[in-house]
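Computed over heavy atoms, backbone and side chain alike; hydrogens, waters and symmetry mates excluded.
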Amino acid sequence: MVSQKIGAWVARLGWVWVDGQVAQISRRPGASTVFLTLRDPSADLSLTVTTNRDVLDLGAPELREGARVVLHAKPEFYAARGTLSLRADEIRQVGLGELLARLEKLKKLLAAEGLFDRARKRRPPFLPQRIGLITGRASAAERDVLTNARRRWPAVEFRTVNVAVQGPAAVPQIVDALKALDADPSIDVIILARGGGGIEDLLPFSDEALCRAVFACRTPVVSAIGHETDAPLVDYVADVRASTPTDAAKRVVPDLAEEVHLIKQARHRLHRAVHNLVDRESHRIDALRSRPVLARPQVMLEQRAAEVVALRQRAGRCLDHRLAAAGEDLRHTVARLRALSPAATLDRGYAIVQRADGHVVRAATEVASGDPLRVRLAEGELSATVDT
C-alpha cells in the first residue's frame with residue numbers, strides 16, 4: 001500500500017531536467033535500451049537512468065564515464081524493488097565552455113561565503129612529525145612527494161591514503177580520506193596531490209563538496225593538483241597552494257642540508273661575535289689596567305694621605321692664628337678693664353667715701369654734721385664722723 005502511494009506520488013512529478021556525472025554506461029549488444037548510472041557530483045547519491053540507444057547517439061554519441069550530462073527524464077518508482085530511476089528522452093553532454101562557466105559561478109559563490117579568505121589560512125608547521133598524503137595509487141604524484149620529501153628530510157613520516165583522483169568515485173573517496181586524516185591527531189599537515197591532466201580530468205578537485213570538506217579541516221591542507229598553470233577551486237580553499245607535487249614536498253618539509261648549513265653559519269656568526277666581544281673586553285681591561293690608579297693602587301692612598309696631612313696642618317695653623325688673635329684681644333680687654341677699674345684709682349691715692357647706707361658721697365652737701373662715714377682706701381677702709 002505504501003509502495004503504491006509512493007509510486008503514484010512520483011508519477012505526478014512529471015518530466016524534469018537533471019544534471020549529473022556519468023558513473024557507468026551499460027550498452028548491451030543488440031539491445032535498444034542503454035542503462036546509465038548518474039551520480040550527483042556534490043553528494044554520495046546515484047540513480048539509474050534508462051534511455052533509448054538512438055536518444056544517446058543523437059545527444060551524446062561520444063559519452064564516456066566521468067562526463068557531465070544534462071538530461072530530460074521522468075522519475076519512475078518500481079514498487080516491487082522499492083527503487084527510484086529515471087527514464088530519459090533527451091541527453092546532452094555538457095561542453096567545456098559550459099563547465100568553465102559553472103566553475104566560475106561556483107568560484108564566485110564560494111568566494112562570497114569566505115572559503116577563499118586569506119585571513120583564515122593556516123601556516124603548516126616548520127617540521128611536521130607526520131604528513132598525511134591523499135593521492136592516486138602508485139601515481140607519479142605519490143612518488144614525487146615521497147621521494148622529494150624524504151630526500152630533504154629523511155626522518156619524515158607519511159600516512160598515505162590512495163584514492164581515485166578522477167571519475168565519479170573520486171570526490172567521495174577524497175572526502176572520506178580527508179575526514180580520516182583530519183581526525184588523526186598524529187597528522188600535522190595534509191597534502192592533496194595529483195598529477196597533470198585536462199580540465200575534465202581535474203573536475204573532481206573543483207567539486208563543491210570537496211571544497212567545503214577542505215575548508216572544514218582543522219589540519220592545514222596543501223593542494224598540489226596538476227601543473228602550475230592548473231587552478232582547480234580546491235587550490236583557492238587550501239591553506240597552501242603548491243604548483244606541483246614536488247613543490248608541495250619542498251613547502252612541507254625543510255631541506256636538512258640547507259638547515260645544517262644555516263646552523264653552521266649561525267654558529268660561525270655566534271663564535272665570531274663572542275670572539276669579538278671577548279677581544280674588545282680584553283682590550284678594555286688592558287686599558288684600565290694601564291691607568292696609574294690601577295698600575296700603582298697605593299698612589300691613590302698616598303695622594304689622599306697627603307691631602308689629609310695638608311688639611312690637618314692648615315687646620316692647626318688656622319686654629320693657632322685664631323687662638324693668638326683671641327689671646328691678644330683678651331689682653332687688650334683686660335688692660336682696658338684694669339685702666340677703668342676703681343681699684344686702679346685707689347692705688348693712685350684716691351679714696352671712696354660712703355654714707356652708712358652705702359651711697360657714695362660726691363658732694364659735702366650730701367652729709368650733715370655727725371653723720372657716720374666709711375672711707376675705702378686702696379688697702380682697707382676707715383670709719384669717720386662728719387665734724388663740720
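Gly136 and Asn162 make their closest contact through O-ND2, 3.3 Å (heavy atoms, listed as atom of the first residue, atom of the second, distance). What you find for Ser206 and Leu106 is that their closest heavy atoms are O-CD2, 3.4 Å. Between Ala193 and Thr135 the shortest heavy-atom distance is O-OG1, 3.1 Å.
Once rounded to the nearest 0.5 Å, the distance linking CG of Asp188 with CD1 of Ile131 reads 8.5 Å. Taking CD1 from Ile187 and CD from Glu157, the interatomic distance works out to 9.0 Å, rounded to the nearest 0.5 Å. Distance check, rounded to the nearest 0.5 Å: CG of Leu373 to OG of Ser383 gives 9.0 Å. The structure places CG of Asp357 at 10.0 Å from CZ of Arg374, a figure rounded to the nearest 0.5 Å.
Residue Arg27 places its CZ atom among more than 12 non-hydrogen atoms of other residues, nucleotides or ligands, all under 6.0 Å distant. At most 12 non-hydrogen atoms from other residues, nucleotides or ligands lie less than 6.0 angstrom from NZ of Lys179.
Using a 4.0 Å cut-off between charged side-chain N and carboxylate O, Glu208 and Arg212 make a salt bridge. Under 4.0 Å is where a charged nitrogen must lie from a carboxylate oxygen, and between Arg92 and Glu90 at least one such pair does. For Asp239 and Arg122, the salt-bridge test passes: some basic side-chain N is under 4.0 Å from an acidic carboxylate O.
Sorted by first and then second residue, the salt bridge (charged side-chain N to carboxylate O under 4.0 Å, His left out) pairs with a member in residues 244-254 read Asp247-Arg251; sequence neighbours excluded.
Phe35 and Leu86 fall into different hydrophobic clusters, where Ile, Leu, Val, Met, Phe, Trp and Tyr side chains are chained together by heavy-atom contacts under 4.5 Å. Hydrophobic clustering (ILVMFWY, side-chain heavy atoms < 4.5 Å, transitive): Leu377 and Val361 are in one cluster. Ile134 and Tyr236 fall within the same hydrophobic cluster, where Ile, Leu, Val, Met, Phe, Trp and Tyr residues are linked whenever their side-chain heavy atoms come under 4.5 Å apart, directly or through other members.
Donor-acceptor pairing under 3.5 Å is recorded for the side chains of Arg130 and Ser186.
In this structure, the side chains of Arg159 and Leu181 come closer than 4.5 Å at one or more pairs of heavy atoms.
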